[in-house]
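One structure below.
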Amino acid sequence: MIEHDFTYQIQEILQSHFGNNASTVLKESELLEYLNIKTKSATRGSKSRGSFANHYAIYVLVEDYIKGEFDKNNDYENYEGARYSDLLSRQRELPFGSKLQNHALNHRMNQEFKKYFPTCEYIPILRNSETNRYWINENLLKISVAGAAHNIAYAVIEIIDAYIDIKTDSFHQFIASCEKIQQLQSEDPNKAQEFITSLIQPNMDARIFEIVSFAILKEYYADQVIYWGWTLDSIQKASLILHKTGRTNANDGGIDFVMHPLGRFFQVTETTDVRKHFLDIDKVQRFPVTFVIKSSESIDVITNKISAQAKKSYGVAKIVRRYMECIEEIINVQILLNHFNKVVENNRLQNVIEEIVLQSKVEFNYYQE
DNA sequence: AGCGGTGGGTGGATACCACA
DNA sequence: TGTGGTATCCACCCACCGCT
């Protein structure tokens with residue numbers, strides 16, 4: 001059995017339920033081992049995926065099992081089963097579960113379980129396709145150790161709860177502090193400013209950095225206007241609007257922000273290695289991009305670094321020049337801070353914070369009633 | 001060690017089907 | 001014809017793996 005950081009917590013929970021038998025219970029139970037495998041990412045930081053769907057499929061069924069007190073009354077075999085709609089809506093009430101679909105309950109949980117335990121004779125989720133009712137396989141909940149029967153239903157719930165707690169804790173804290181700052185900002189704008197400043201430091205999580213960059217730049221550009229039109233007498237005034245083109249993590253090779261109506265492209269990166277954005281620059285003409293780089297180095301240093309990489313990759317001066325011409329602007333942490341200060345001067349701090357809270361909730365599927 | 005390719009996992013969208 | 005339940009398609013992330 002694999003052991004990782006969260007395994008220790010699983011063992012602790014089992015100990016509180018089964019005392020000395022805890023380790024045997026864990027060894028004997030495929031379901032617990034499955035949870036152990038699936039909780040590997042618990043302590044891997046906010047960047048790794050939650051993968052809550054299969055956890056929640058087990059969770060809602062076991063919860064239903066406990067609600068019927070089947071761990072005590074021994075009558076599960078006569079139970080009519082749980083309704084699909086109830087299970088699904090319960091899943092969606094759980095943290096980060098608001099977008100879950102039928103996948104886990106219908107197929108994927110069983111499929112994945114079988115992948116890990118090909119010889120296990122039990123299928124975890126049972127269903128009757130005539131009545132559309134669902135059950136957890138009770139055989140997987142009852143573990144017998146030296147002739148004594150142990151029911152792991154409550155332990156399973158506790159383990160998944162603990163997993164949810166770990167996975168969401170830092171995020172909850174983040175949203176909470178945003179909301180606190182939001183209330184606080186009229187009384188103590190300095191505090192709010194300090195907080196935002198801390199969010200765009202180089203050691204910040206990439207997704208948070210992208211969200212905060214977006215919020216600042218959006219407000220910053222909103223103050224700028226251009227005049228444009230199809231004919232001279234139809235020229236109109238427009239403020240620059242920055243759009244986010246998708247979720248941070250659903251954007252492989254895509255562009256992070258687009259500016260209307262100028263059509264500027266913005267790309268947020270963690271490092272000065274921008275080669276991947278200009279991969280075939282020697283063959284194709286590339287669209288100019290503004291890079292928001294999570295670095296406190298000066299623009300000169302960053303530019304030199306990028307230029308050095310380009311030289312190393314292409315060698316030919318002409319292509320290097322074209323490469324550098326495709327970088328419309330570089331925005332580092334300092335420039336972001338300057339822009340931010342300007343936004344604050346214009347009394348738009350509130351908007352920035354609101355945008356951060358909104359975008360974070362979207363990014364992490366977090367909804368609070 | 002760093003890379004590029006690959007395939008499984010995940011979530012969103014939608015097609016399909018049964019039934020009222 | 002709307003609703004609930006299920007299956008499938010698709011895009012994208014990411015872990016993994018073999019190559020250099």
Side-chain angles (χ1 to χ4, degrees), chain A residues 2 4-6 34-61 64 80-118 123-135 160 163-164 167-168 171 205-208 210-211 244-256 267-281 283 305 308-310 312-314 361-367:
Chain A
I2 57 156
H4 50 82
D5 294 345
F6 191 75
Y34 174 78
L35 286 177
N36 182 47
I37 294 168
K38 291 288 283 179
T39 49
K40 225 186 331 186
S41 79
T43 52
R44 272 204 206 155
S46 59
K47 271 188 180 179
S48 74
R49 287 195 174 199
S51 121
F52 291 108
N54 289 2
H55 290 98
Y56 285 178
I58 300 171
Y59 190 93
V60 295
L61 282 167
D64 183 67
E80 58 175 352
R83 283 175 51 210
Y84 171 79
S85 298
D86 297 339
L87 297 173
L88 185 68
S89 57
R90 176 65 185 131
Q91 284 190 339
R92 290 183 169 170
E93 285 170 20
L94 296 168
F96 303 96
S98 63
K99 297 283 178 58
L100 289 177
Q101 301 191 45
N102 61 326
H103 302 121
L105 280 168
N106 281 171
H107 190 58
R108 285 184 183 169
M109 162 65 207
N110 283 343
Q111 177 190 272
E112 195 181 40
F113 187 82
K114 197 167 182 174
K115 189 189 85 185
Y116 288 120
F117 308 101
I123 297 165
I125 297 175
L126 306 170
R127 67 169 159 156
N128 181 331
S129 53
E130 313 248 291
T131 58
N132 301 329
R133 299 291 179 141
Y134 287 73
W135 299 263
I160 297 175
Y163 175 69
I164 296 169
K167 290 297 282 184
T168 60
F171 182 66
D205 177 278
R207 284 182 298 181
I208 301 293
E210 177 175 329
I211 288 167
K244 223 165 172 304
T245 62
R247 293 177 181 219
T248 313
N249 266 356
N251 218 356
D252 203 13
I255 289 295
D256 293 330
Q267 185 73 52
V268 183
T269 79
E270 290 216 79
T271 62
T272 55
D273 187 359
V274 300
R275 272 175 296 181
K276 64 177 171 184
H277 299 288
F278 297 126
L279 266 181
D280 302 311
I281 200 156
K283 302 182 195 94
K305 275 191 179 173
Q309 282 161 6
K312 211 170 129 195
S313 298
Y314 298 105
K361 288 181 177 176
V362 171
E363 177 73 31
F364 298 90
N365 282 334
Y366 180 83
Y367 301 93

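Chain A is the first sequence line, chain B the second, and so forth, proteins listed ahead of strands; every chain is numbered from 1. Atom set for the values below is all heavy atoms of this structure, side chains included, hydrogens, waters and symmetry mates excluded.
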Sequence-distant partners of [X], side-chain contact (heavy atoms from CB on, under 4.5 Å), two or more places apart:
{"X": "Asn102(A)", "result": "Tyr84(A), Asn106(A)"}
{"X": "Asn128(A)", "result": "Glu130(A), Thr131(A), Trp135(A)"}
{"X": "Leu100(A)", "result": "Ala53(A), Tyr56(A), Gln91(A)"}
{"X": "His107(A)", "result": "Gln111(A)"}

How many Å lie between [atom1] on [X] and [atom2] on [N], as a whole number?
{"X": "His107(A)", "N": "dT10(B)", "atom1": "NE2", "atom2": "P", "result": "13 Å"}
{"X": "Tyr56(A)", "N": "dT10(B)", "atom1": "OH", "atom2": "C1'", "result": "15 Å"}
{"X": "Tyr34(A)", "N": "dG9(B)", "atom1": "OH", "atom2": "C1'", "result": "11 Å"}
{"X": "Leu88(A)", "N": "dT6(C)", "atom1": "CG", "atom2": "P", "result": "10 Å"}
{"X": "Phe113(A)", "N": "dG9(B)", "atom1": "CZ", "atom2": "C1'", "result": "18 Å"}
{"X": "Ile125(A)", "N": "dT6(C)", "atom1": "CD1", "atom2": "C1'", "result": "14 Å"}
{"X": "Lys114(A)", "N": "dG9(B)", "atom1": "NZ", "atom2": "C1'", "result": "19 Å"}
{"X": "Asn106(A)", "N": "dG11(B)", "atom1": "CG", "atom2": "P", "result": "15 Å"}

(request) Sequence neighbours left out, what passes side-chain hydrogen bond (donor to acceptor under 3.5 Å, both in side chains) with Arg90(A)? Give chain and number order. (result)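 Once residues adjacent in sequence are excluded, the partners of Arg90(A) under the side-chain hydrogen bond (donor to acceptor under 3.5 Å, both in side chains) criterion are Glu63(A), Glu93(A).
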(request) Decide whether Asp64(A) and Tyr134(A) meet the rule of one side-chain donor and one side-chain acceptor closer than 3.5 Å. (result) no
(request) Under the salt bridge (charged side-chain N to carboxylate O under 4.0 Å, His left out) rule, collect the residues that match up with Arg83(A), sequence neighbours excluded. (result)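 Counting only residues at least two positions away or on another chain, Arg83(A) forms a salt bridge (charged side-chain N to carboxylate O under 4.0 Å, His left out) with Asp86(A).
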(message) Going by salt bridge (charged side-chain N to carboxylate O under 4.0 Å, His left out), name the residues that satisfy it together with Arg127(A), two or more places apart in sequence or in a different chain.
(response)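 If we apply the salt bridge (charged side-chain N to carboxylate O under 4.0 Å, His left out) test to Arg127(A), skipping adjacent residues, there are no hits.
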(request) With heavy atoms under 4.0 Å as the rule, sort Arg133(A) into base, sugar-phosphate or nothing. (result)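 Arg133(A): no heavy atom of the nucleic acid under 4.0 Å.
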(message) Taking the nucleotide of DNA chain C with the nearest heavy atom to each, does Arg108(A) or Asn128(A) sit closer to the 5' end?
(response)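 With Arg108(A) and Asn128(A) compared, the 5'-side residue is Asn128(A).
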(request) Report the distance from atom NE2 of His55(A) to atom OH of Tyr34(A), rounding to the nearest 0.5 Å. (result) 6.5 Å
Between protein and nucleic acid, restricted to nucleotides 13-20 of chain B and to nitrogen or oxygen atoms under 3.5 Å apart, what atom pairs and distances do you find?
from    : atom 1 : to        : atom 2 : distance (Å)
dA13(B) : N7     : Gln101(A) : OE1    : 3.1
dA13(B) : N7     : Gln101(A) : NE2    : 3.4
dA13(B) : N6     : Gln101(A) : OE1    : 3.2

Tabulate protein N/O versus nucleotide N/O from nucleotides 1-4 of chain C, keeping only pairs under 3.5 Å, one per line.
from   : atom 1 : to       : atom 2 : distance (Å)
dG4(C) : O3'    : Ser85(A) : OG     : 3.4

